[in-house]
Amino acid sequence: MKVFIGIVIGIVTALIGCAAIPLSRFISNMEKEPCNTCNGRTDCFAMKKALFSKDENLSQWMLFSFFRVRGKCDYVSRTKLSYITTYFIANCILVTLAFWSKGAGITGVLCGITTAALLSLAVVDWNTQYIPLEMSGVIFVCGLIQLFADFSNWFEYVIGLIAVSGFLLLVDKVATPILAKKHAGEELDSVIGDGDIKLMAATGLLLGWKLNFLALGIGCVAGSVIHLIRMKIKGSGAVLALGPYLSLGVYITMICGEQLISWYLNMLGVRPY
């Protein structure tokens, strides 16, 4: 029964999350200056200001913008069925596993929904280096529900909201000016993107500060190793999308984070908390 409920949640979230693939194309299209898909039509959405944006930069609410204009652009609707199918299957498997690992309760449902949001933002960020705010918002809402569901431990969740995200913000504020000065003349917006910081704030509210630091560690190690391999084999640039690796860290932590911490403390001879 538990697996069946997990599969149902996986299918429902996959049907919604499949928008991540055409959304990636939409964002890539918006970043073109100008978009030439429609032969420079002046009424094309990519030639106009993004929704809620004061300039022609990407809107923070790009998923909402995408759903408003998706029917007006043939470019974003031409998505290969194989991509959609692969995403659908992956979402169902990952969500079902997350739900099964947490049990048929509110935590399991929240972890399943969070998994779908993590997969969606990982796909978008991998292709565009942009994390739509809506996806982090879904995780934040799941975190709020978890906070009230486990209110006796509210302090850990509240600290989780600011601990990792605050650390990343501090690193960004310190490192960005240093690297900008060192690499003068090169385009450098920030060392750590705003989307990554907001994502870790949302996951911190869901996981608590201890597990969120573990998720950050797993994500950073995975990102370093995998991206170094990609640089060696594929010649990828030094700049990487951190969102997919952070999402991987959060997913692993949701499933077995407490067991990993207990194993590590036991290895050190320290009694687990």
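Nothing here was measured: the structure is a model prediction, and the numbers come from that model.
Tyr245 places no side-chain N or O within donor-acceptor distance of the main-chain N or O of Leu216, the cut-off being under 3.5 Å. Between the side chain of Ser136 and the backbone N or O of Leu133 there is no donor-acceptor pair closer than 3.5 Å. Side chain of Asp125 to backbone of Ala241: no donor-acceptor contact under 3.5 angstrom is found. With hydrogens and angles disregarded, a donor-acceptor distance shorter than 3.5 Å links the side chain of Lys102 to the backbone of Met254.
Once rounded to the nearest 0.5 Å, the distance linking CD1 of Ile261 with CZ of Phe213 reads 11.5 Å. To the nearest 0.5 Å, the span separating CD on Gln259 from OG on Ser101 amounts to 8.5 Å. In this structure, OH on Tyr251 lies 12.0 Å from OG1 on Thr253, to the nearest 0.5 angstrom. Taking CD1 from Ile139 and CE from Met200, the interatomic distance works out to 9.5 Å, rounded to the nearest 0.5 Å. Distance CG/Leu161 to CD/Glu156: 13.0 Å, rounded to 0.5 Å. Between the CG atom of Leu169 and the CG atom of Asp194 there is a distance of 8.5 Å, given to the nearest 0.5 Å.
The shortest heavy-atom contact between Leu199 and Gly243 is CD2-O, 4.5 Å. Counting all heavy atoms, side chain and backbone alike, Gly257 lies closest to Leu214 at O-CD2, 3.6 Å. In terms of heavy-atom proximity, Thr176 sits nearest to Asp172 at OG1-O, 2.7 Å. In terms of heavy-atom proximity, Ala215 sits nearest to Leu207 at CB-CD1, 4.5 Å. Between Tyr87 and Ala116, the shortest heavy-atom distance links the atoms OH-O, 4.0 Å. Between Ile197 and Ser165, the closest heavy-atom pair is O-CB, 3.5 Å.
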Practice problem: Report the C-alpha distance between Asp150 and Tyr157 in whole Å, list the side-chain angles of each, state the deciding distance to 0.1 Å, and finish with yes or no for side chain to side chain donor-acceptor pair (under 3.5 Å). | Solution: CA-CA 9 Å; Asp150 187 23; Tyr157 296 113; 2.8 Å; yes
Quiz item: Between Leu119 and Val95, is a side chain to side chain contact (heavy atoms under 4.5 Å, CB included) present by the stated rule, with each step listed?
Solution: CA-CA 9 Å; Leu119 179 60; Val95 169; over 6 Å; no
Exercise. Go through Ile131 and Lys198 one step at a time and tell me if the side chain to side chain contact (heavy atoms under 4.5 Å, CB included) criterion holds.
Key: CA-CA 9 Å; Ile131 298 179; Lys198 294 170 184 175; over 6 Å; no
Exercise. Could you go through the side chain to side chain contact (heavy atoms under 4.5 Å, CB included) check for Ile252 and Leu260 one step at a time?
Key: CA-CA 10 Å; Ile252 293 174; Leu260 288 174; 4.2 Å; yes
Practice problem: May I have the step-by-step check of side chain to side chain contact (heavy atoms under 4.5 Å, CB included) for Leu240 and Ile226, ending in yes or no? | Solution: CA-CA 10 Å; Leu240 77 159; Ile226 295 175; over 6 Å; no
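Using a 4.5 Å heavy-atom threshold, the side chains of Thr115 and Asn91 count as separate. Looking only at side-chain heavy atoms (C-beta outward), Leu211 and Glu258 come within less than 4.5 Å of each other. Counting only heavy atoms from C-beta outward, the side chains of Leu94 and Leu118 never approach each other to under 4.5 Å.
Follow the hydrophobic side-chain contacts under 4.5 Å out from Val250 and you never reach Ile93; the two are in separate clusters. Residues Tyr130 and Leu248 share a hydrophobic cluster, clusters being chains of Ile/Leu/Val/Met/Phe/Trp/Tyr side chains in contact below 4.5 Å. Tracing side-chain contacts under 4.5 Å through hydrophobic residues (I, L, V, M, F, W, Y), one reaches Ile159 starting from Trp154; they form part of the same cluster. The hydrophobic cluster containing Ile162 also contains Val171, counting ILVMFWY residues as joined when their side-chain heavy atoms lie under 4.5 angstrom apart, directly or transitively.
Applying side-chain contact (heavy atoms from CB on, under 4.5 Å) to Val124 and the options Asn127, Leu121, Thr128 leaves one that passes, Thr128.
Between Phe148 and Phe151, the angle of the ring planes stays under 30°, which puts this pair in the parallel group of the 30/60° scheme.
Other residues, nucleotides and ligands place no more than 12 heavy atoms under 6.0 Å from the CZ atom of Phe167.
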